[in-house]
Number of protein chains: 2
Amino acid sequence: MGVTIKDIAKHAGVSYSTVSKALRDSPLVKEPTKKKILAIAEEIGYQPNVAARSLVSKKSNTIGVIWPTIERVAHSALITRINQYLEDQGYTTLVSINRINTAVTTFNRFQVDAILLFEDTHSDYRFSSSVPVVSYGIASNQPEVPTIDANRREAMKEAVAYLHKLGHKEIIYIGEISEQDPLQADKIKGFKQGLMENNIPFSDEMLIPVPELEQYDGYIATKAMLDKEKKPSAIISSSYDCTKGILLAIKEYNLSIPGDISIISYDNVPQVEKLEYSITTVGVPLDTIAKEVTNILLDTIEGKQMDQSILLQPEINVAKSCRNLYS
Amino acid sequence: MGVTIKDIAKHAGVSYSTVSKALRDSPLVKEPTKKKILAIAEEIGYQPNVAARSLVSKKSNTIGVIWPTIERVAHSALITRINQYLEDQGYTTLVSINRINTAVTTFNRFQVDAILLFEDTHSDYRFSSSVPVVSYGIASNQPEVPTIDANRREAMKEAVAYLHKLGHKEIIYIGEISEQDPLQADKIKGFKQGLMENNIPFSDEMLIPVPELEQYDGYIATKAMLDKEKKPSAIISSSYDCTKGILLAIKEYNLSIPGDISIISYDNVPQVEKLEYSITTVGVPLDTIAKEVTNILLDTIEGKQMDQSILLQPEINVAKSCRNLYS
DNA sequence: TATATAAATAACAACGTTGTTAAAAAGAGG
DNA sequence: CCTCTTTTTAACAACGTTGTTATTTATATA
């Protein structure tokens with residue numbers, strides 16, 4: 001085990017420092033020598049030792065992702081995407097599923113170049129990290145940790161405004177009604193604000209709660225809602241999975257979209273393309289978020305000063321699921 | 001940035017080698033000195049440098065977990081549990097969500113002490129690793145990689161045998177019918193074998209397919225099944241989530257468990273306790289799997305030779321969801 | 001009190017790499 | 001053919017730690 005540059009050096013009959021330079025493609029070593037060394041390295045299966053390398057270079061080309069709640073599937077698509085972008089930039093991501101403090105400590109020991117923190121709830125922690133930390137989702141309770149997030153509130157406001165522009169007044173919101181989860185709470189705030197700004201009176205029946213944001217929950221909630229005599233003209237769904245369930249329920253009741261009922265879905269994930277209906281969505285495209293987060297991580301590594309808090313602006317992706325009541 | 005043992009040494013007025021020993025709680029340094037050094041280390045916020053440490057000790061006290069399919073939630077609970085056990089043993093886990101080959105390379109560079117590989121599908125890869133690899137789920141196509149898994153086939157056989165013992169003959173299986181996914185295919189094999197061994201003739205209608213193993217899928221499939229005139233006397237559900245959906249559908253049809261219909265669920269996760277009904281389950285308890293996997297990893301690290309393939313035997317957890325037709 | 005022995009601490013090499021500096025080899029100019 | 005550059009390669013220190021060996025200090029024995 002453990003082929004080192006010294007082994008390569010022996011095989012090639014050069015000094016190990018020459019090998020090091022050849023492997024890093026330094027101009028300080030002649031082309032033929034470089035070729036030869038590279039070939040030998042390949043042949044004897046050389047793998048650079050990160051420990052040694054980062055010991056001297058103080059860089060590990062690794063980003064630590066803290067994701068304590070893997071059991072909740074919420075961020076997995078985003079993390080996958082970010083991982084890809086970082087890989088393109090020559091970085092490796094490593095995920096820790098431990099408590100925030102433990103994870104920060106681990107990543108500091110490993111001298112990752114930056115830490116990306118996903119947190120779902122406002123938990124009470126406090127850590128010190130010599131490695132820069134960027135938080136996605138909700139503002140960390142460490143004020144010095146910059147945060148990036150999608151502007152959920154704005155998205156919901158836009159959704160309401162869009163529906164109102166099409167003449168909708170009986171709008172309902174299907175989603176998680178939780179004070180605990182600030183991400184969900186924010187959406188509801190946006191919904192209410194949107195109503196207010198468009199002079200639509202709010203009432204509690206406009207909020208249909210679901211226990212979780214899964215397909216199943218959307219399905220059940222929608223069926224219960226459709227069983228009532230008074231049906232809304234439009235539904236705002238608070239997540240893609242929820243939307244899937246809503247669509248199925250609507251189909252089961254033989255209602256047409258957007259003929260009988262309009263629907264706009266939060267989340268801007270590529271999967272919407274695959275749905276049976278062409279669904280209008282609002283939100284920050286997953287890919288945009290991934291790109292932004294990646295860039296911020298890279299900037300942070302390069303020591304660029306950044307804003308403390310970045311809110312990504314949502315986009316409406318108009319499809320055919322909302323009916324214009326005026327036409 | 002970067003408090004090192006040399007800094008501690010200066011503060012304490014001792015040599016850095018003494019500090020190293022004190023921090024590792026070596027008997028070679030006097031108790032008062034140790035105390036003092038520890039205090040100073042704490043005070044100035046010392047964090048050992050993994051790079052340096054593992055460079056010399058060739059150990060990182062880290063286990064690399066390869067989990068390329070984070071978007072599928074299947075293994076998350078198990079990974080969480082394993083992570084806990086390993087933490088108790090002084091190990092840190094790091095998860096890579098990259099392709100198997102990339103992940104193996106990364107973990108080799110990082111010199112983790114062992115690699116735990118989760119793979120869902122038979123993919124065609126081949127890697128070389130100087131670090132020992134243990135695979136969970138399906139046998140790796142690298143014969144030298146030991147595999148540990150739950151005996152799904154046996155579990156299903158036991159489920160059928162149990163139901164047969166209670167007098168059931170109209171048994172159906174609700175689950176994913178996929179040739180692609182060897183884990184699911186194995187369950188079905190067990191189901192069929194169980195039928196055969198108990199002289200129950202098999203027919204295709206006994207297999208109710210679901211697109212995925214989610215709650216929603218179980219719900220829909222069960223409803224469709226209950227709409228037919230001929231209802232089974234017992235259902236075998238192939239996952240916990242599926243079971244949740246099945247229960248809801250049954251409830252919606254005002255059928256009683258086990259009065260009208262019996263149910264036994266695969267998966268042996270602690271959450272069953274929280275279900276509305278007391279459900280009989282079959283499978284290897286999640287915790288048992290986690291413990292076994294942890295032990296095998298630790299054994300592997302210590303260089304103990306192990307069997308190439310370990311199949312964990314399932315247990316039946318009898319509750320009140322299966323009716324005895326003879327009584 | 002001098003000496004042998006044990007205990008505690010210090011010094012140093014090593015791990016595998018990189019960056020800098022020194023040395024050797026090759027070319028250019030007279 | 002010798003000197004002066006320039007190119008290429010070699011040598012070496014450093015990164016922060018651990019394990020081994022050497023040195024100092026304290027303790028026990030005669």
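In the text below, chain A, chain B and the rest are named by the order of the sequence lines, each starting its count at 1.
Contact annotation for A:Ser54: no contact, since no heavy-atom pair falls under 4.0 Å across all strands. Among the atoms of the strands shown, only primed sugar atoms or phosphate atoms (P, OP1, OP2) are found under 4.0 Å from some heavy atom of B:Thr4.
Of all the heavy atoms in A:Ile115 and A:Leu297, the pair that sits closest is O-CD2, 4.2 Å. Looking at every heavy atom in both residues, A:Gln111 comes nearest to A:Lys58 through NE2-CA, 4.3 Å. The nearest pair of heavy atoms linking B:Tyr91 to B:Thr62 is CD2-N, 3.9 Å. The shortest non-hydrogen separation linking B:Val145 to B:Val133 is CG1-O, 3.7 Å. Annotation for A:Thr102 and B:Glu87: closest pair CG2-OE2, 3.9 Å, computed over non-hydrogen atoms. Closest of all the heavy-atom pairs between B:Asp287 and B:Arg81 is OD1-NH1, 2.6 Å.
Straight-line distance from the CZ atom of B:Arg53 to the P atom of D:dC15: 19 Å, rounded to whole Å. Straight-line distance from the NZ atom of A:Lys6 to the P atom of C:dT18: 12 Å, rounded to whole Å. Remark: P of C:dT17 and CG of A:Asp7 are 9 Å apart, rounded to the nearest angstrom. Note: NZ (B:Lys35) to P (C:dT9) measures 14 Å, nearest angstrom. Computed from coordinates, the A:Ile8 CD1 to C:dT17 C1' distance equals 12 Å when rounded to whole Å. Rounded to whole angstrom, the span from the CZ atom of A:Arg24 across to the C1' atom of D:dT9 amounts to 19 Å. B:Lys34 places its NZ atom 10 Å from the P atom of C:dA8, with the value rounded to the nearest Å. Taking atom NZ of A:Lys30 as the reference point, atom P of C:dA25 lies 13 Å away to the nearest angstrom.
A:Ser57 has no side-chain polar atom (N or O) that falls below the 4.0 Å cut-off from OP1 or OP2 of C:dG19. Side-chain nitrogen and oxygen atoms of A:Lys58 include none within less than 4.0 Å of the OP1 or OP2 phosphate oxygen of C:dT18. Under 4.0 angstrom from either OP1 or OP2 of D:dT17 there lies no side-chain N or O belonging to B:Ser20.
Nucleotides of DNA chain D nearest to B:Leu28 and B:Pro48 differ in position, and the one nearer the 5' end is that of B:Pro48.
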Please list, one pair per line, the donor and acceptor atoms closer than 3.5 Å that link side chains of residues 35-43 of chain A to other protein atoms, with sequence neighbours excluded.
{"unit_1": "A:Lys36", "atom_1": "NZ", "unit_2": "A:Ala12", "atom_2": "O", "d": "3.3"}

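Counting non-hydrogen atoms of other residues, nucleotides and ligands closer than 6.0 Å to NZ of B:Lys10 gives a total of 12 or fewer.
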Short N/O separations, protein against nucleotides 10-14 of chain D, under 3.5 angstrom:
{"unit_1": "D:dA10", "atom_1": "OP2", "unit_2": "A:Ser15", "atom_2": "N", "d": "2.8"}
{"unit_1": "D:dA10", "atom_1": "OP2", "unit_2": "A:Thr18", "atom_2": "OG1", "d": "3.0"}
{"unit_1": "D:dA11", "atom_1": "N7", "unit_2": "A:Ser17", "atom_2": "OG", "d": "3.0"}
{"unit_1": "D:dA11", "atom_1": "N6", "unit_2": "A:Ser17", "atom_2": "OG", "d": "3.3"}

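In DNA chain C, runs of at least 3 stacked Watson-Crick or G-U pairs (N1-N3 plus N6-O4 or O6-N4, or N1-O2 plus O6-N3, all under 3.5 Å) give these stems: C:1-30 with D:1-30.
Under the 3.5 Å distance criterion, the side-chain polar atoms of A:Asn108 are matched with a main-chain donor or acceptor of A:Ser130. Between the side chain of A:Asp267 and the backbone N or O of A:Val269 there is no donor-acceptor pair closer than 3.5 Å.
Of all nucleotides listed (C:dG16, D:dT17, C:dT9), C:dG16 comes nearest to the side chain of A:Leu55.
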